[in-house]
Amino acid sequence: MSLPTRLSWGRYPATPQAAHAAAWRDDVPALLQSLGKRYASTLPFGNGRSYGDSCYAESNHVIAMDGLNRFIEADWASGRIKAEAGVLLADVLSIAVPNGWFVPVTPGTKYVTLGGAIANDVHGKNHHVRGTFGRHVLSFGLSRSDKAAELVCSPTQNKALFAASIGGLGLTGIITWVEFQLMPIVSPAIDVTSYKFGSLAEFFTLSAELDPVHEYGVAWVDCLATGEAAGRGIYMVGDHARIGELEIKPSSKRSVPFVLPISAINNVTLRAFNSAYYAKQKAGKQQSRTDFEPFFYPLDGILHWNRIYGRRGFQQFQCVIPDHSAEPATRALLAAIARSGTGSFLAVLKRCGNIASPGLMSFPMAGTSLALDFPNNARLDRLLRELDVIVNEAGGRLYPAKDAHMRGEDFRSAYPQWHEVEALRDPLLCSQFWKRVTQS
Ligand SMILES: Cc1cc2nc3c(=O)[nH]c(=O)nc-3n(C[C@H](O)[C@H](O)[C@H](O)COP(=O)(O)OP(=O)(O)OC[C@H]3O[C@@H](n4cnc5c(N)ncnc54)[C@H](O)[C@@H]3O)c2cc1C
């Protein structure tokens with residue numbers, strides 16, 4: 001019988017992963033042993049919202065964790081919740097919001113599992129206030145092939161594995177359950193204020209002024225604008241509304257039904273979209289109250305939106321540049337992207353704060369992050385190399401969760417802690433990403 005297969009979100013590399021399902025937490029140790037022994041290595045697979053090859057096993061045989069989707073305990077007085085590792089943030093929100101709680105950190109999609117959120121130590125629009133997801137984790141269960149019993153990892157128990165697994169890319173063991181702290185809210189609605197800005201310098205001024213006084217802050221940037229308009233965009237800040245109902249409004253979902261033969265994103269569609277989107281925003285400041293879903297998850301409204309990039313898939317480029325070099329390096333990155341004429345509708349600039357993660361190999365650092373998607377085509381490699389040089393010279397780094405191209409030497413110098421993670425890696429777990437960046 002052939003197994004179902006999984007791909008990463010970018011559908012590149014297009015290496016289908018045979019998915020061996022874990023239905024119960026007790027299945028995990030036996031699956032890890034049997035797959036590890038049969039294929040030499042395996043890897044836990046969450047919901048495949050990583051873009052590149054960090055969620056691919058070196059062997060192409062993964063343990064599908066989405067069957068571990070049960071809640072274990074919730075204390076609505078303290079906001080502590082314990083659930084299996086395959087539970088999605090979407091599921092957590094559906095039970096937490098009516099009880100007056102919200103996830104303290106959320107990425108730009110709610111379709112990520114708790115295990116995946118820890119393994120990439122995900123960050124969101126409030127990184128400057130709350131740091132990464134790992135900061136809110138109280139404990140988790142970890143199954144390793146070299147330990148007879150499951151380990152409980154927390155800031156006080158199995159501390160080294162706790163730190164190495166947060167941002168540990170699924171290599172240090174399989175997380176079976178997670179206990180974490182939610183954030184209290186009065187309403188899930190978000191009071192949003194948007195500011196149109198005409199240049200990159202204005203982006204930096206706005207973020208310095210606005211981030212300290214708002215929970216959430218992020219900017220859309222027109223990645224094709226040049227000359228005086230380079231770096232223009234829209235800055236959005238938000239806070240949970242202080243009045244309202246604790247309910248989740250049903251949202252309609254559309255779907256891209258099949259993979260398009262070629263990418264629908266090209267210079268013409270992108271330029272037209274960017275100009276129209278920028279022109280639509282009125283000058284000055286605009287205020288509105290919005291449901292939390294369109295604010296946090298604008299792309300989740302279109303299921304399978306990754307199919308619009310066609311059969312060749314796409315790559316996301318996300319870097320973070322430290323504060324001291326952020327402005328000139330971001331300017332250089334945007335100039336190189338605009339010259340290339342390629343990019344995505346959703347190019348995002350975000351100032352990250354200086355709140356340290358408990359994880360060893362977390363991506364964010366105090367600085368500015370730029371993220372955007374590129375359709376795969378023959379010219380992309382050259383552009384990515386050009387961008388990598390700018391990032392390296394500025395002392396920045398790329399995000400493994402989004403990566404399919406980083407050079408090994410760049411990874412190893414940007415993440416010197418990789419040695420510590422390697423020392424604690426489960427001998428039967430290895431990803432294609434890890435092999436690529438540690439052995440080339
Ligand atoms: C539209 C979109 C927006 C995004 N926005 C953001 C953002 O704002 N910020 C951000 O940080 N990220 C963002 N991401 C990336 C995404 O949050 C991460 O890649 C996340 O880790 C994906 O989780 P997943 O459950 O899909 O895991 P997968 O993608 O399936 O796996 C990710 C990693 O987790 C490991 N893993 C999965 N389950 C377990 C487990 N049980 N035990 C141990 N390891 C495990 C895997 O081995 C792999 O290394 C975004 C992705 C998309 C598609």
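Order of listing sets the numbers, starting from 1, for every ligand and every atom in it.
Around ligand 1 you find W9, L43, P44, F45, G46, N47, G48, R49, S50, Y51, S54, C55, M65, A85, P107, G108, T109, V112, T113, G115, G116, A119, N120, V122, H123, L169, G170, G173, I174, I175, W305, Y399, A401, K402, each with a heavy-atom distance below 4.0 Å.
The number of heavy-atom neighbours closer than 6.0 Å to CG of D323, taken from other residues, nucleotides and ligands shown, is above 12.
Side-chain atoms of S165 do not come within 3.5 Å of backbone N or O of G168 as any donor-acceptor pair. Q157 contributes no side-chain N or O that, together with a main-chain N or O of V152, makes up a donor-acceptor pair within less than 3.5 Å.
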Under 3.5 Å, side-chain donor or acceptor atoms of residues 362-370 against the rest of the protein: list the pairs with distances, not counting sequence neighbours.
unit_1	atom_1	unit_2	atom_2	d
S362	OG	D121	OD2	2.6
S369	OG	Q318	NE2	2.9
S369	OG	C319	O	3.4

Just list the side-chain donor-acceptor pairs under 3.5 Å for residues 29-40, sequence neighbours left out, or say none.
unit_1	atom_1	unit_2	atom_2	d
Q33	OE1	K37	NZ	2.8
Q33	NE2	S145	O	2.8
S34	OG	A30	O	3.1
S34	OG	L31	O	3.3

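Residues satisfying the salt bridge (charged side-chain N to carboxylate O under 4.0 Å, His left out) test with D239, not counting sequence neighbours, are none.
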